[in-house]
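First the structure, in the form of structure tokens, and then the observations on it.
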Protein chains: 2
Amino acid sequence: MSSSGSELGEFDRVRERRGGRSERVRVAVMGAVRQILQDSGYGALTHRAVAAAAYVDNATIYRRWPTRPQLVSDMLRDLSSDLVPVPDTGSINGDLTAYLSSVLAMLTTPGTKKLAQSIFAASIEGDDVVAVVLADFWQERFSGSYKMLDRAIGRGELPAMLDHAAIMDALVAPAWFRTFISRMPVGEEFQKRCVMAALAQAQTEK
Amino acid sequence: MSSSGSELGEFDRVRERRGGRSERVRVAVMGAVRQILQDSGYGALTHRAVAAAAYVDNATIYRRWPTRPQLVSDMLRDLSSDLVPVPDTGSINGDLTAYLSSVLAMLTTPGTKKLAQSIFAASIEGDDVVAVVLADFWQERFSGSYKMLDRAIGRGELPAMLDHAAIMDALVAPAWFRTFISRMPVGEEFQKRCVMAALAQAQTEK
DNA sequence: TCATTAATGCGACAGTTGCTGCATTAAGGT
DNA sequence: ACCTTAATGCAGCAACTGTCGCATTAATGA
């Protein structure tokens, strides 16, 4: 039955080669994707453009990442979380202010804004499989920020029964909404108001 | 100088033909665009697909709407506002609940969700000129909903000095954010909570 | 070190997309 | 009714996109 000596199951297992050249290609491609997205945006993300920037043949890109959304979602895994760090200033007010400040900085700086835009564009263009990856990405991103809230509960600043998601909605949803959908300005008082709204939401018992 | 008999300015004016065949083509194309977006989404919006659906030559589409975002932004003008009507139930609580309910229905129904998705995709792909059109679209959409708040002020339900945009942010931003960005569920209690948050924001003096 | 074969590079191909002359049609003014 | 010419239809083109077969390279296990 199995032409292979090892008995790992009913079917022959395709032995993937995860190290060496394949890994080098992967790193180069992911770097090229991020570079292109930051510099020129999602519209410039072509398989051949990535291939050229990574010094890899375009057929290789097509074989490992058949669609553009897959390129983006795969890059998300490598994306370090230092884009929006979770602060620890000692007070919930300071934490929320610092966090939203990071988000707004990310959404304002051209390079990272294009990056965020691309994530959004990919999630629209991508099929359901990619959507799952992206949902995981956000879940992880949020679970990190939830620690911020739990610390405040430990300090007695917030009630124990919190709707974590509701608070983060109040804090960051308007920023994303204005940046990419309604395209209204996100100024200084807008930021303060969102922090206030998040705090008000946090005081509401679940 | 001027080969034309009429003296309308220094240069000859190109006499556009706004009626007759041109208008019929325009109506057919706009209908085809909306049909395609609702049925198959932004990815299926090809010039040739629109041309086929509208029984018009594809060169005509290219000449009058050179890019896909222009097709979408032009369709927005025709889009009747009955997608998200501004309610008048008699109380601010009822109005906000009904309004958010309409927004969520629009974001949940497949056809209209794809329509909203397409607007977003076009605003990302489109150049700055298109962005202006889309900003106007949202401005008009919001100005309609502001009347809802002004009626509440007239009834004495809300303080006179309101930050209209802040209230609408609290009401609808989380819905858009969860639908297209964080992809979290938008359930029954989510809706109630957003209305509560918007009311709390409304009670805050500007 | 050697054999196996997954992964890549290379070249070519059909299908699609964006665009452009040119002939034809019909809208708008006289 | 007639003229001018804007707008459309038609045909064809270069550029780009996605895919494939085949030769070559090198990762992995023995």
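Side chains included, hydrogens not; waters and symmetry mates left out as well; all remaining heavy atoms used. Numbers restart at 1 for each chain; the letters A, B, ... are given by sequence-line order, proteins then strands.
Note on Arg24(A): only backbone sugar-phosphate atoms sit closer than 4.0 angstrom, heavy atoms only; bases stay farther off.
An OP1 or OP2 oxygen of dT8(D) is reached within less than 4.0 angstrom by a side-chain nitrogen or oxygen of Ser22(B). Note on Arg64(B): a side-chain N or O is less than 4.0 Å away from OP1 or OP2 of dT8(D). Using a 4.0 Å cut-off, some side-chain N or O of His47(A) falls inside it from OP1 or OP2 of dG18(D).
Between the P atom of dC10(C) and the CD1 atom of Ile61(A) lies a distance of 13 Å, rounded to the nearest Å. In this entry the distance linking CZ of Arg63(A) with P of dC22(D) reads 13 Å, nearest Å. Whole-Å rounding puts the Tyr62(B) OH to dG12(D) P distance at 18 Å. Between the C1' atom of dT4(C) and the CD atom of Glu16(A) lies a distance of 17 Å, rounded to the nearest Å. A straight line from CD of Glu23(B) to C1' of dA6(D) spans 15 Å, rounded to a whole angstrom. Atom-to-atom, CH2 of Trp65(A) to C1' of dA7(C) comes out at 11 Å; the value is rounded to the nearest Å. Whole-Å rounding puts the Arg21(A) CZ to dT25(D) C1' distance at 5 Å. In this entry the distance linking OH of Tyr55(A) with P of dT8(C) reads 18 Å, nearest Å.
Salt bridge Asp74(B)/Arg64(B): absent, no basic N to carboxylate O contact under 4.0 Å.
The side-chain hydrogen bond (donor to acceptor under 3.5 Å, both in side chains) test applied to Arg26(B) returns Glu23(B), Asp78(B), not counting sequence neighbours. Shown here are the ring-ring contact (aromatic ring centres under 6.0 Å, His included) partners of Trp65(B), two or more places apart in sequence or in another chain: there are none.
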*After noting the C-alpha distance and the side-chain angles of Leu76(B) and Val133(B), does the key distance pass the side chain to side chain contact (heavy atoms under 4.5 Å, CB included) rule?*
CA-CA 9 Å; Leu76(B) 282 183; Val133(B) 176; 5.6 Å; no
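Counting only heavy atoms from C-beta on, Arg17(B) has its side chain closest to dA7(D) among dA27(D), dA7(D), dT17(C).
Under the 3.5 Å distance criterion, with hydrogens and angles disregarded, a donor-acceptor pair is assigned to the side chains of Glu125(A) and Tyr42(A).
Ring pair Trp138(B)/Phe177(A) is perpendicular by interplanar angle, where above 60° counts as perpendicular and below 30° as parallel.
Summarising the geometry of Asp39(B) relative to Lys114(B), their closest heavy-atom pair is O-NZ, 3.2 Å, with the distance given to 0.1 Å.
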Within the sub-3.5 Å range, which N or O atoms of nucleotides 11-14 of chain C have a protein N or O partner, and how far apart are they?
none

